[in-house]
Amino acid sequence: MGALEEKPRRLKGGRIRCPRCGLMQDRVLTLEYDWVLLEPAVHPLAHTVPAEHRWIELSDGRVTVYGVCPPDQFQRCRIEHSLACPAQPLPDLWPWLTTLRDENARQLERLSAPEPPPSEDEWPDAG
């Protein structure tokens with residue numbers, strides 16, 4: 001029995017749509033092998049997120065709540081999509097999260113907005 005010569009296998013979760021707002025969210029395994037739904041492409045500095053809401057990514061792809069206070073000033077974390085979901089009423093937990101929820105609501109509006117009519121430059125010649 002020797003040392004592991006290959007890189008650790010990453011566990012794949014994938015992406016699913018939020019049943020409330022319809023936006024995509026990351027489905028990720030926790031340290032306990034449960035699933036958590038995280039906001040995609042959002043990695044705030046851990047010290048800006050309350051300890052009970054910090055999800056830290058581990059080397060094998062799983063995540064765990066990171067309650068160390070204060071965290072390293074450069075540590076990044078993830079947050080649950082439910083905190084940023086524009087279809088779920090929540091109190092203003094921290095200002096940047098409210099901004100993220102507002103941006104997600106605008107993104108949802110853009111996705112469901114009808115196509116604008118063509119400009120006069122795009123009309124075919126009737127000539």
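Values in this document were obtained by computation on a predicted structure and should not be read as measured data. For the numbers below, each heavy atom of this structure counts, side chains included, while hydrogens, waters and symmetry mates do not.
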Partners meeting side chain to side chain donor-acceptor pair (under 3.5 Å) with Gln75 (sequence neighbours left out):
none

Would you say that [X] contacts [Y] through its side chain, given a criterion of any heavy-atom pair below 4.5 Å between the two side chains?
X: Val42; Y: Leu100; answer: yes
X: Leu37; Y: Ile16; answer: yes
X: Tyr66; Y: Cys77; answer: no
X: Ile79; Y: Leu38; answer: no
X: Trp35; Y: Leu29; answer: yes

Please check if Val65 and Val63 belong to a single hydrophobic cluster, counting links between Ile, Leu, Val, Met, Phe, Trp and Tyr side chain heavy atoms closer than 4.5 Å.
yes

Worked verdict on Glu57 versus His43 for side-chain contact (heavy atoms from CB on, under 4.5 Å)
CA-CA 10 Å; Glu57 293 176 305; His43 296 87; 3.9 Å; yes

If you measure from [atom1] on [X] to [atom2] on [Y], what distance do you get to the nearest 0.5 Å?
X: Ser82; Y: Gln25; atom1: OG; atom2: CD; result: 8.5 Å
X: Asp26; Y: Arg15; atom1: CG; atom2: CZ; result: 4.5 Å
X: Thr64; Y: Trp55; atom1: OG1; atom2: CH2; result: 6.5 Å
X: Arg76; Y: Thr48; atom1: CZ; atom2: OG1; result: 8.0 Å
X: His81; Y: Asn104; atom1: NE2; atom2: CG; result: 6.5 Å

Checking side-chain contact (heavy atoms from CB on, under 4.5 Å) between Val49 and each of His47, His53, Glu52, which is the one that passes?
His53

Exercise: identify the closest heavy-atom pair between Gly67 and Ala51:
CA-CB, 3.9 Å

Over all heavy atoms of both residues, which pair between Leu23 and Leu108 is shortest? Give the atoms and the distance, please.
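The answer is CD2-CD1, 4.3 Å.
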
Determine yes or no for a side-chain-to-main-chain donor-acceptor pair under 3.5 angstrom, with Arg62 supplying the side chain and Leu31 the backbone.
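At least one qualifying donor-acceptor pair exists.
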
Polar side-chain atom of Arg54 near backbone of Ala46 as donor-acceptor pair, under 3.5 Å
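Yes, because the side chain of Arg54 sits within donor-acceptor range (under 3.5 Å) of the backbone of Ala46.
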
As a quick check of understanding, evaluate side-chain contact (heavy atoms from CB on, under 4.5 Å) for Gln73 and Leu45, giving each step before the final call.
CA-CA 7 Å; Gln73 65 179 352; Leu45 290 168; over 6 Å; no

Do Glu39 and Arg78 meet the salt-bridge criterion of a basic N to acidic O distance under 4.0 Å?
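Salt bridge absent between Arg78 and Glu39.
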
Presence of salt bridge, Arg106 and Glu109, under 4.0 angstrom:
no

